[in-house]
Amino acid sequence: MYYKTSYDSPIGRITIACDGDNIIGVWNENQKYHGDSIYTDMEENNDMPVFALIKKWLDRYFVGGEPAISELTIAPIGSQFRQDVWNILCEIPYGEIVTYGDIAKKIAIKRNKEGMSAQAVGGAVGHNPISIIIPCHRVVGTGGSLTGYAGGIDKKIKLLEIEGADMTRFSIPTKGTAL
């Protein structure tokens, strides 16, 4: 059984999902791929201990704190490739950014391959089911383009600002939000 609750944040309403013990989803309202890793109904339940924990985590995050991912038990649902990408996302320090290409290089090394497609990585980043916690907003396109955030570029900008990232080095894409 999967459970869900809502959280009102500075970037809008967020849906949080769990399996009873682990966080399996954190999505912005109207986010692309919202809930797509859950193939069954979720029961509304605001009294789960794991929900109280993540809401306190988010409260600290949104006032500029730096809560650690390790404070939460997360269990994102996805293929091994996506899991590998999401694990790399979890290593990106608070307020810092990497490119899709940077992650592709790490995946290639991990898989003992000569190269990896940055677009394939972008697909995995875009399907991250635990946004904010697994910091996919810290990934940008080559040259600092703020592209590819399923929650919307405006939310990506706000999250990076909360983390104190130097926004002067980024550009907003003029066409679409994909890689």
In Å, rounded to the nearest 0.5 Å, how long is the span from SG of Cys90 to CD1 of Ile130?
8.0 Å

Look at the side chain of Lys106 and the backbone N and O of Val85, then say whether any donor-acceptor pair between them is shorter than 3.5 Å.
no

Distance, nearest 0.5 Å, that separates CD1 of Ile162 from OG of Ser9:
7.5 Å

Atom pair CG (Asp41) and NZ (Lys4), whose distance is rounded to the nearest 0.5 Å
8.0 Å

Go through the steps for Ile172 and Ile153 under the test side chain to side chain contact (heavy atoms under 4.5 Å, CB included), then give the verdict.
CA-CA 8 Å; Ile172 297 172; Ile153 298 299; 4.2 Å; yes

Does any part of the side chain of Leu58, heavy atoms only, come nearer than 4.5 Å to the side chain of Ile133, both counted from C-beta?
yes

Taking atom CD1 of Ile103 and atom CH2 of Trp86, what is their separation to the nearest 0.5 Å?
13.0 Å

Ser131 side chain near Ile14 side chain, heavy-atom distance below 4.5 Å
no

Decide whether Thr5 and Lys55 meet the rule of one side-chain donor and one side-chain acceptor closer than 3.5 Å.
yes

At their closest point, which heavy atom of Lys155 faces which heavy atom of Ile11, and how far apart are they?
CE-O, 3.0 Å

When you measure from the side chain of Thr73 to the backbone of Asp21, do you find a donor-acceptor pair of N or O atoms at a distance under 3.5 Å?
yes

Straight-line distance of Phe170 CZ to Ile157 CD1, nearest 0.5 Å
10.0 Å

Check against side chain to side chain contact (heavy atoms under 4.5 Å, CB included), Ile88 and Lys110:
CA-CA 11 Å; Ile88 290 171; Lys110 177 179 176 54; 5.6 Å; no

Look at the side chain of Glu66 and the backbone N and O of Pro93, then say whether any donor-acceptor pair between them is shorter than 3.5 Å.
no

Under the 3.5 angstrom rule, does the side chain of Tyr94 hit a backbone N or O of Gly164 as a donor-acceptor pair?
no

Could you walk me through whether Val121 and Phe81 pass the side chain to side chain contact (heavy atoms under 4.5 Å, CB included) test, one step at a time?
CA-CA 9 Å; Val121 166; Phe81 176 75; 4.3 Å; yes

I would like to know whether Leu160 and His137 meet side chain to side chain contact (heavy atoms under 4.5 Å, CB included); could you show each step before the answer?
CA-CA 7 Å; Leu160 290 171; His137 59 279; 4.1 Å; yes

How many angstroms lie between atom OG of Ser6 and atom CG of Asn46, to the nearest 0.5 angstrom?
7.0 Å

Membership question, hydrophobic clusters at under 4.5 Å side-chain separation (ILVMFWY): are Met1 and Ile16 in the same one?
yes

Looking only at atom types and distance, does a side-chain atom of Asp102 sit under 3.5 Å from a main-chain N or O of Thr99, one as donor and one as acceptor?
yes

Taking the side chain as everything from C-beta on, heavy atoms only, tell me whether Ile74 gets closer than 4.5 Å to Val26.
no

Would you say the side-chain atoms of Asn128 pair up with the backbone N or O of Ile134, donor to acceptor, closer than 3.5 Å?
yes

Regarding Asn87 and Glu91, do their side chains bring together a donor and an acceptor under 3.5 Å, going by distance alone?
no

Can you tell me if Lys156 uses its side chain to pair, donor with acceptor, with the backbone of Cys136 under 3.5 Å?
no

Kindly say whether Asp47 contributes a backbone atom to a donor-acceptor pair with the side chain of Tyr3 at under 3.5 angstrom?
no

More than 12 non-hydrogen atoms from neighbouring residues, nucleotides or ligands closer than 6.0 Å to NZ on Lys158, yes or no?
no

